[in-house]
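Computation of the quantities below employed the complete heavy-atom set of this structure, encompassing side-chain atoms and omitting hydrogens, waters and symmetry-equivalent molecules.
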Amino acid sequence: MANTPTISNTDGAVKLVRDDHRHILALFQLYRATPADSRQSYIEQILQRLSDHFHMEERLTEDVRHHGNEGRILVEHEEIKAMIDELQQAENDDDESLDAFFEDMMQTVRAHFIAEERDLFPLLNKG
């Protein structure tokens, strides 16, 4: 990850995170547009992308920890990571239950992205 933007390059970092949000949200739309029996590959892509995304964000926000809002952001990361773990360990016996849980996770992620862009990005832009 040598090319990962740092807090000293906040414009690039914010753009990278925002672009990643858009990509993940687009994957959510593809998931929804796919027949239920063909969604597994999208689930796997989304879960991996979210894991990578959170890792990148946590590295980017290390320098703004003194601003206060990052605590809530990190708690939300942990909540979503727990959902990811549960999905990865789930038995695929009950597709309806899995879909409902995945829908809940998508809603949580969407709300998290909105909060980040509203609360965290201005802090990153201040440097």
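One finds the CD1 atom of Ile43 at 10.0 Å from the OG1 atom of Thr34 (value rounded to the nearest 0.5 Å). Separating the CD1 atom in Ile46 from the NE2 atom in His23 is a distance of 9.0 Å, to the nearest 0.5 Å. Going from atom NZ of Lys81 over to atom NE2 of His55 covers 9.0 Å, rounded to the nearest 0.5 Å. Separation of atoms CZ (Phe101) and CG (Leu87) is listed at 5.0 Å; rounding is to 0.5 Å. For the atom pair OG1 (Thr108) and CD (Glu79), the distance works out to 5.5 Å, reported to the nearest 0.5 Å. Once rounded to the nearest 0.5 Å, the distance linking CD of Glu57 with CG of Leu16 reads 9.5 Å.
Lys15 and Glu117 are not joined by a salt bridge, as no carboxylate oxygen comes within less than 4.0 angstrom of a charged side-chain nitrogen.
Remark: Asp37 engages no residue in a salt bridge (Lys or Arg N to Asp or Glu O under 4.0 Å) (not counting sequence neighbours). Taking Tyr31 as the reference, Asp99 meet the side-chain hydrogen bond (donor to acceptor under 3.5 Å, both in side chains) condition, with sequence neighbours excluded. For Arg32, the salt bridge (Lys or Arg N to Asp or Glu O under 4.0 Å) partners are Glu103, not counting sequence neighbours. Scanning for side chain to side chain contact (heavy atoms under 4.5 Å, CB included) contacts around Leu25 gives Arg22, Phe28, Arg110, Phe113, with sequence neighbours left out. Here Gln88 pairs with Leu47, Ile84, Asp85 under the side chain to side chain contact (heavy atoms under 4.5 Å, CB included) rule; sequence neighbours left out. Qualifying side-chain hydrogen bond (donor to acceptor under 3.5 Å, both in side chains) partners for Glu86, counting only residues two or more places apart in sequence or in other chains: none.
Aromatic ring centres of His112 and His77 lie closer together than 6.0 Å.
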* Asked: Going through the distances and angles, do Glu116 and His21 end up as a side chain to side chain contact (heavy atoms under 4.5 Å, CB included)?
  -> CA-CA 10 Å; Glu116 276 185 342; His21 286 177; 2.7 Å; yes
* **Stepwise side chain to side chain contact (heavy atoms under 4.5 Å, CB included) test for Gln48 and Glu44** => CA-CA 6 Å; Gln48 183 60 54; Glu44 291 168 9; over 6 Å; no
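At a threshold of 4.5 Å between side-chain heavy atoms, the hydrophobic network of Ile, Leu, Val, Met, Phe, Trp and Tyr places Leu98 and Leu30 in one connected group.
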